[in-house]
Amino acid sequence: MIASLVLVGFYSLGLRLLVRAGRSPVVAPAEFTDAITIISQKEAQRAEKAAAKAAKKSPLTETQKRVALVAACACFVVCAGAVVFGLLLILFNH
């Protein structure tokens with residue numbers, strides 16, 4: 001229970017710090033045959049352009065962006081630790 005709360009909390013904090021550092025994660029849309037809506041290539045490019053524009057508008061200095069990036073990586077390391085801890089709990093309690 002606690003491991004899942006740590007995982008979700010630090011993952012969301014890591015994503016938020018990534019965006020503040022100007023490196024918002026952009027995922028290419030997947031096309032499914034049974035999807036309700038399919039995002040076109042033009043819409044995907046528009047989303048990437050909007051993410052790049054938002055990254056340029058960041059009021060942080062380069063040092064602050066670097067600190068935010070390092071903190072985001074640290075959050076993702078904590079997430080990985082929570083996953084490993086959860087797997088070890090499952091492995092050794094059975």
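Along the sequence shown, residues carry numbers from 1. Just so you know, these numbers use all the heavy atoms, side chains as well, and skip hydrogens, waters and symmetry mates.
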Original post:
What are the two closest non-hydrogen atoms of R20 and K65, and how far apart are they?
Top reply: O-CG, 4.3 Å

Original post:
Closest approach of F76 and G14, non-hydrogen atoms and distance?
Top reply: CZ-C, 3.6 Å

Original post:
Other hydrophobic cluster members with I90, side-chain heavy atoms of Ile/Leu/Val/Met/Phe/Trp/Tyr under 4.5 Å, chained?
Top reply: none

Original post:
Does L69 have any side chain to side chain contact (heavy atoms under 4.5 Å, CB included) partners at least two apart in sequence or in another chain, and if so, which?
Top reply: L18, A21, R23

Original post:
Are L7 and L87 linked, directly or through other ILVMFWY residues, by side chains that come within less than 4.5 angstrom of each other?
Top reply: yes

Subject >> Side-chain donor or acceptor of Q45 paired with backbone N/O of K42 under 3.5 Å >> reply: no

Subject >> Residue among V8, L13, L15 satisfying side-chain contact (heavy atoms from CB on, under 4.5 Å) with Y11 >> reply: L15

